[in-house]
Amino acid sequence: MRANVGDQLVVHSHAVGLRERTGEVIEVRGDDGAPPYVVRFEDGRESLVFPGPDWEVKPSG
């Protein structure tokens, strides 16, 4: 997985009743766009994340 600052990360939910979560990459801490990422989610919380297989990068622009 590769991402840049400003890209959107989407966490797809596989559990009934849970919705997808979306956040904006505000910092890339890995080399050449690799994880981990600091992400600001739609509720305003920021987290250091190591995306799993149910995550998707949506490039900005």
Side-chain angles (χ1 to χ4, degrees):
M1 174 173 286
R2 298 280 183 252
N4 296 301
V5 172
D7 289 350
Q8 297 290 311
L9 283 182
V10 179
V11 185
H12 299 285
S13 176
H14 297 286
V16 174
L18 294 178
R19 63 180 184 88
E20 293 183 339
R21 292 183 60 198
T22 302
E24 179 182 355
V25 177
I26 58 173
E27 184 179 343
V28 177
R29 294 195 177 171
D31 294 330
D32 298 321
Y37 309 118
V38 177
V39 177
R40 182 180 302 121
F41 290 96
E42 61 269 350
D43 62 3
R45 288 190 248 177
E46 294 179 7
S47 298
L48 179 66
V49 298
F50 294 81
D54 54 345
W55 291 64
E56 174 186 5
V57 174
K58 292 189 176 182
S60 62

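- Going from atom CD of E20 over to atom CG of D54 covers 10.0 Å, rounded to the nearest 0.5 Å.
- In this structure, the side chain of E42 engages the main chain of T22 through a donor-acceptor pair within 3.5 Å.
- A distance-only check finds a donor-acceptor pair linking the side chain of R2 to the backbone of D32 [under 3.5 Å].
- Looking only at side-chain heavy atoms (C-beta outward), V28 and N4 stay at 4.5 Å or farther from each other.
- Considering all non-hydrogen atoms of both residues, M1 and E56 come closest at CE-N, 4.5 Å.
- Considering all non-hydrogen atoms of both residues, G6 and S60 come closest at O-CB, 3.3 Å.
- In this structure, the side chains of Y37 and D7 stay at 4.5 Å or more apart for every pair of heavy atoms.
- Hydrophobic clustering (ILVMFWY, side-chain heavy atoms < 4.5 Å, transitive): V38 and V49 are in distinct clusters.
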Full working for side chain to side chain contact (heavy atoms under 4.5 Å, CB included) between V5 and I26: CA-CA 5 Å; V5 172; I26 58 173; 5.6 Å; no
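- The distance from the CD atom of E46 to the CD atom of E24 is 10.0 Å, given to the nearest 0.5 Å.
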